[in-house]
Amino acid sequence: MSVKILHNPRCSKSRQTLSLLEERGIEPIVVEYLKTPPSKEELQDILAKLALSPRELMRKGEAEYKDNNLADDDLSDEQLIDAMIQCPKLIERPIVISNGKVRIGRPPESVLEIV
């Protein structure tokens with residue numbers, strides 16, 4: 001079974017989620033998504049599997065969200081996805097991908113549903 005985590009080591013929820021997986025003997029593929037952002041196709045797939053709109057996966061408290069006027073309702077889903085790829089800090093974290101399913105580790109225990 002392949003488990004992947006889109007991880008930010010500076011985020012406490014991301015660290016907790018990674019620890020939770022490791023405590024259960026799962027060694028996930030760790031992708032530091034700030035250094036290696038997902039492709040547009042990967043992000044679209046994640047959104048589809050979570051059944052979320054791009055805006056629902058965005059960290060609205062980040063300065064980049066406000067600075068780039070991403071709250072503008074006239075922006076298309078494609079524009080929001082492009083913004084997340086350009087500035088991966090905007091992507092909610094952590095994201096765990098396993099067995100064709102995706103969960104956000106908020107709370108960290110929610111990822112246990114798919115591993």
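These numbers were taken from a predicted model, which means no experiment stands behind them. The first residue of the sequence shown is numbered 1, and numbering continues consecutively from there.
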So the side chain to side chain donor-acceptor pair (under 3.5 Å) pairs with at least one residue in residues 13-31 (sequence neighbours excluded) are His7-Ser14
Verify the cluster assignment for Val31 and Leu18: are they in a single hydrophobic cluster under the rule of side-chain heavy atoms below 4.5 Å apart? no
Provide the full list of side chain to side chain donor-acceptor pair (under 3.5 Å) pairs with a residue in residues 71-89, sequence neighbours left out, each pair given once. Lys40-Glu78, Lys40-Asp82, Ser76-Gln79
Say whether Val102 and Ile85 are linked into one hydrophobic cluster, either directly or through other cluster members, by side-chain heavy-atom distances under 4.5 angstrom. yes
Under 3.5 Å, is there a donor-acceptor pair between the side chain of Asp45 and the main chain of Glu41? no
In terms of hydrophobic clusters joined by side-chain contacts under 4.5 Å, are Leu20 and Ile5 together? yes
Please report the shortest heavy-atom distance between Tyr65 and Arg55, naming the atom on each side. OH-NH1, 3.2 Å
Kindly work out whether a path of hydrophobic side-chain contacts (I/L/V/M/F/W/Y, heavy atoms less than 4.5 Å apart) joins Ile29 to Ile95. yes
Positive for side chain to side chain contact (heavy atoms under 4.5 Å, CB included) with Pro88, one of Asn8, Thr36, Leu6, Leu34: Leu34
Can you tell me how far CD1 of Ile46 sits from CG of Leu52, rounded to the nearest 0.5 angstrom? 11.0 Å
Answer yes or no: does atom NZ of Lys60 have more than 12 heavy-atom neighbours from other residues, nucleotides or ligands under 6.0 Å? yes
Hey, quick one: are Ile97 and Val111 part of the same hydrophobic cluster, counting side-chain heavy atoms closer than 4.5 Å, chains of contacts allowed? no
Pair Glu92-Arg106, side chain to side chain contact (heavy atoms under 4.5 Å, CB included): steps then yes or no: CA-CA 9 Å; Glu92 187 58 81; Arg106 292 182 175 271; 2.7 Å; yes
